[in-house]
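Single-structure report; data block below.
Owing to the predicted nature of the structure, the values given are computational and were not obtained by experimental measurement. One-based numbering, in listed order, for ligands and for the atoms of each.
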Amino acid sequence: METKILVINAGSSSLKYQLIDMNGEKVLAKGICDRIGPGGHIKHVTADGRKYEADVPMPTHAEAFDAFMSAMTGEEYGVIRSLDEITAVGHRIVQGGAIFKESCLVNEKVIEDIEALGELAPLHNPAHVLGIRACIRCLGDKVPQVVVFDTSFHATMPPKAYMFALPYEYYTKYQVRKYGAHGTSHRYVSGRCAELIGKKGLRIVTCHLGNGCSISAVKDGVCIDTTMGLTPLDGLMMGTRSGAVDPSAILYLMDKEGLTPAQMSDILNKKSGALAISGVSNDNRDICEAAFAGNERAALSRDMQNYQIEKYIGAFAVAMGGLDAIVFTGGIGENSWETRGDVCHDLGCFGVKINDELNRGTRGKEVELSTPDSPVRVFIIPTEEELMIARDTLALLKQ
Ligand code: AMP
């Protein structure tokens, strides 16, 4: 039987999609609609290389759906004859809070709960709901829809890892605690790493390093800790996000500069991180180039980020009682030999040894970097979040 799953990642002004044929797990077409609201633009590409790009008015997510569905079914750029060929839809959802511990089928209550969790993810969850509603409007309610949460892989963290040492009533009243993020990516790469090693009981540190950065400790397939917190702001410094900062520094600056919570949030999320330290860019490529050309702040930004990555790997090795493997993924983890090389060399105390030539020459490919005598194995595993969403969707259909 033909099974084609549509994977949707709806943001506030953009909507990414992939249509995956689950027989062979092949991507048939993918694309992005952006500038939803004030404008509208679609970029669509098929597996056989046909490309379509156009400005199309998209006042809401509904018109974005219409635009890519007609590309998908049209004569010139189509990959299916009609929408009836879509078996089911899987949606990426950023925040599942304490409610959603695993992926599930969509119904009205699920939509309401995702909407209510928008308090914890105001930039994401409301947009996901717009995506789900636009999808129902376009495909009708006969096509099953599934939601897959970035937080659910972290639902296995024990309270000692997820609690904040704040007055307890804030946990009971507002569910303020660590939820983590990038869970679908950590789940995929840790599972793939275990498959490649071919053993159970592994202690794996997964490093998802991209514009957003997070690291997880995965013991025997179960996440026991992660660096992101209540929101994807905690932990490592990122492209424009600060990562963990002494809370007093934030209070002090709000007081000194007369900043509102919204203004401070904007600074921490959009004007901090590598962008703020380097003064060059939020993009790892520009920062590396500037650092190697002698820019001291760019070099400091690299040093800070690498140092933080190493510290968390060390901390998580202790949390798991040892370390069997490290995985690099995300735009930086998959492509930046500089970051992987520096981090692995500084982990010499764990005996980590990698093949430098292989590291320098590898970009965006699944490969083992560690040498045969390294007690800790090191892998690059390109992440496959959309495929995981499609697999979860298919699995729920079969239940
Ligand atoms: P992501 O958010 O996963 O798309 O990752 C974006 C980050 O990956 C940016 O900081 C990019 O600079 C970085 N990146 C992408 N390609 C490369 C590359 N070839 N070398 C170094 N960094 C890269």
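Nearest to atom 7 (C) of ligand 1 among the protein's heavy atoms is Ile332 CG1, 3.8 Å. For atom 6 (C) of ligand 1, the closest heavy atom belonging to the protein is Asn211 N, 3.7 Å. Closest protein heavy atom to atom 3 (O) of ligand 1: Gly331 N, 2.8 Å. Counting only heavy atoms of the protein, atom 18 (C) of ligand 1 lies nearest to Asn335 CB, 3.2 Å. In this structure, atom 22 (N) of ligand 1 lies nearest to the protein heavy atom Asn284 OD1, 3.2 Å. Of all protein heavy atoms, the one closest to atom 11 (C) of ligand 1 is Asp283 OD1, 3.5 Å.
Ion pair Lys51/Glu53 not flagged as a salt bridge, since none of the NZ, NE, NH1 or NH2 atoms sits closer than 4.0 Å to an Asp/Glu carboxylate oxygen.
Under 4.0 angstrom from ligand 1, the non-hydrogen atoms of Arg363 all belong to its side chain.
Side-chain polar atoms of Ser301 and Ser278 form no donor-acceptor pair below 3.5 angstrom. Under 3.5 Å, the side chains of Glu169 and Thr172 contain no donor-acceptor pair of N or O atoms.
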Full working for side-chain contact (heavy atoms from CB on, under 4.5 Å) between Cys193 and Ile197:
CA-CA 6 Å; Cys193 175; Ile197 296 179; 3.9 Å; yes
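Between Tyr171 and Tyr174, the ring center distance fails the sub-6.0 Å criterion.
Heavy-atom contacts of Gly210 reach the following atoms of ligand 1: 1 (P), 2 (O), 3 (O), 5 (O) (cutoff under 4.0 Å).
Looking only at distances, no side-chain donor or acceptor of Asp21 sits under 3.5 Å from a matching main-chain atom of Lys26.
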